Amino acid sequence: MTQPDSPDTLQRQLAEQRYIADDTVATVAFLAIAMRRPLLIEGPAGVGKTELARQLAAACELPLIRLQCYEGLDESKALYEWAYARQLLYIQLLKEKVDALTDGATGLREAIEALARHEDAFFSERFLLHRPLLQALQTPEGAVLLIDEVDKSDPEFEAFLLEFLADFAVTIPELGTVRAATPPVVVLTSNDQRDLSDALKRRCLYLYIDYPAPELEESIIAARVPEAGESLRREAMAFIREVRALDLRKPPGISESIDWVRSLGALKLETLAGPRLRYTLSALLKHHGDLRRAIDALTPAP
Amino acid sequence: MKRLMADFAATLRSAEVPVSTAEVLDAARAVETLDPLQRDLFRITLRATLIKSQRHHAVFERCFALFFDPEGAPAVAIDAPAQAPDDAPPSPPEELERRWRQQEVLSEGADAAEEQLQEALREMLDRGDPRALELIRGLATGALRDVPQEAREGAFTGLLLLGRRLQAARAVGRLREALRRFAEATAAERPALEEDAQRWLAARERRLDEAEALLVDDVRARATRTFTAAERQGLRGRNIVELYLRDRELLVEVMQRFVRKLATVHSRRLRRRRRGQLDIKRTLRASLRTGGAPVRLEHRRPKRRKGDLVILCDVSGSVRAMAQATLAMIHALAGLWDHIRVFAFTDDVEEISERFAHHDPEEVLRWVMEAPLFSAPRPSNYGRAFRRFEQRYGRLLGSRTTLMVLGDARNNGHLTEHHLVEGWQRRARRVLWLNPEPATAWDTGDSEASAYRPFCTEFRACTTLGQLEEFVAQLR
Ligand SMILES: Nc1ncnc2c1ncn2[C@@H]1O[C@H](COP(=O)(O)OP(=O)(O)O)[C@@H](O)[C@H]1O
Ligand SMILES: [Mg+2]
């Protein structure tokens, strides 16, 4: 891994990877890496939370391991699970061997005892499904562990995470304790749908990413869609501002802006003046009513 | 440094921002990781380590400015008479003194200012020289004569001041550590000196405490004064309508907090119930696919009948504020109901469920607080509005429906048509009425509270945020 030596270095490195981080983002991300503290990022959808984790991994030259959270996510999906079906399959295929093992046994108890002596074979790494959290512990050079959208998981899972983050070790009863050789850089994201527990927050550094200021958004677009010329970009930014000023159900976020400007490039439009503008807007607005409204208000009749 | 952080944390806590000791230690550690002389870096670092919710960012910025910015920092008169310390350190054996003088304290690479500071501190420690105390204070507040004039003005002062104060705090910390190490080493080498060394250490530590207190005291005093009882106590006791008229921003902020809290509590409540018992039949059926081995455990999905909610809100004049606040809170609890229908009325009804149902909580809040629910405000006519509601939507009320009316029952002298409410109570599961006026105002002027009240399962006053929160939290 390579560790940035200052927030500035990190900021430059991210910019080279075409991720535009303002001073706050660069500073807090730097601290998270330097102090090896989990980083909790909150903010509305589409402001680049997930992308930041990805780019941090690239900047540190570490693999990215991602755990996407959802309602009902539990340890078996996050940490590890025994490959039950596979174990059964092996038993089926090796039926004769199993029979042979229990051959001399006279009663049920004896048969079980005979089998138990071979339990190790079935509860070994071969039959272990490594889920993201376990993978993050077992990557020798360390990793960036992205725990995406924690707010979607259940409070019980949050409690489990807290434990995991405290010692970066897990105990698998059949195999023993797995401890991280190099603790991962952990990034948690939340769309802020509900409050996370105070205990979890206390363990983390906190970063809130808001919708970007116009200049920042313009640099993001310049970085992400370099093929769009400056004048088109300017025009597009002004247009997006007008769109956002409409009373919309879902105003376009950064990723929509990027997609849209990209589509303008693909259509080889050099200016927004013209009848084709309206056909591009579905990249910007994903809600039918919003699209109608923007077309009516902002585009010339065909 | 830790002391400075702890004091800053105390300021935050006095403004109702929760900060734990672990976080204070984190902040101190983080600051040492970075170049603290860059003011913004310093601010961002403190914020990331001490503040764990965006809702507290505004308060943080206020506290930070108070605590670390120079405006209003009282200039220190360098030549003011300083009090001589009354407990001069006990004269220790010669040997202790001699050893201490040889002790190196300053770290490598310290600049002139730091050296000066360190000198002053040591002076103060060793002789109890009051002038040294003043010097420290001067260094810490940027009021020293040797600070160049141009540096004292403009934005740079803040940086300089901050830097000085941090330097001073660091110097004190370093000295304290050196003292402790020294006392320990001495005791280890010469056990005979142990007791003296302890006493000697204690006296000096007291002096350091004094110096440190000087570094933060006046700023802290200023900061805590700003967040007195006024802000801390009783947002819950504040009158909704008054808040709405006087300080809408604050109301929105508080509502956001309430709404968020409700959403959190509520999501826990729902989750707890989600997983049902093991469903043996389905588990066995599923196991057929895996050769009879129950690879997959199936759970019974708990059936929940949640019921419907119909809300009728008076959006004329003064009721609006309460209606809006209530709607925002109910939205946070939308998951408790199968369907929610919302109707606004003045002298007619209009359904506004659609927007209510689709937006995320923050947006609904903004919408109900800012957008007019009805295009033109008209005086209310409960009788007429109720008639219209009965004609058009009366069929919505069934045995699983809760009907909630938000209104002050001020009817401008029109027909009350309370028999309609009587009928609703019979058909619906219950009728709840929230009145933004205190009970003492009921039936005064054109209020018809008593006409409707007998027909409501519950009819209660809801004037403060606290009452509203309580009501909504119990709603099921
Ligand atoms: N600061 C940024 N610099 C470059 N691209 C960005 C930035 N912020 C957002 N993006 C782009 O926006 C898109 C959405 O970002 P994403 O990380 O998925 O958002 P979030 O996780 O916050 O919902 C990504 O594809 C990314 O390319
Ligand atoms: Mg994301």
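Protein chains get the first letters and strands the later ones, always in sequence-line order, with residue 1 at the start of each. Note that the coordinates shown come from a computational prediction; the quantities given were computed from them, not determined experimentally.
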Q | CE on Met35(A) to CZ on Arg29(B), rounded to 0.5 Å | A |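 The CZ atom of Arg29(B) sits 4.0 Å away from the CE atom of Met35(A).
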Q. Are Glu351(B) and Arg341(B) close enough for a salt bridge, meaning some N to O gap below 4.0 Å?
A.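 Yes.
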Q.
Between Thr49(B), Asp26(B), Val19(B), Thr45(B), who has the most heavy-atom pairs with chain A when the cutoff is under 4.5 Å?
A.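 Winner by heavy-atom pair count: Asp26(B).
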(Q) Between Tyr84(A) and Phe127(A) (judged by ring centroids, cut-off 6.0 Å), do the two rings come close enough to count as a pair? (A)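 Centroid separation for Tyr84(A) and Phe127(A): 6.0 Å or greater.
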Q.
Quiz question: by atom type and distance under 3.5 Å, do the side chains of Glu149(A) and Gln68(A) form a donor-acceptor pair?
A.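 Yes, a side-chain donor-acceptor pair sits under 3.5 Å.
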(Q) At a heavy-atom distance under 4.5 Å, which candidate from Gly43(A), Ala32(A), Cys204(A), Ala26(A) has the highest pair count against chain B? (A)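 Ranked by contacts with chain B, first place is Cys204(A).
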**Q.** Leu31(A), part contacting chain B, at a heavy-atom distance under 4.5 Å
**A.**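 The answer is the side chain of Leu31(A).
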Q.
Taking side chain as everything from C-beta outward and backbone as N, CA, C, O, which of these in Ala48(B) sits under 4.5 Å from a heavy atom of chain A? Side chain, backbone, both or neither.
A.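 Contact with chain A is through both the backbone and side chain of Ala48(B).
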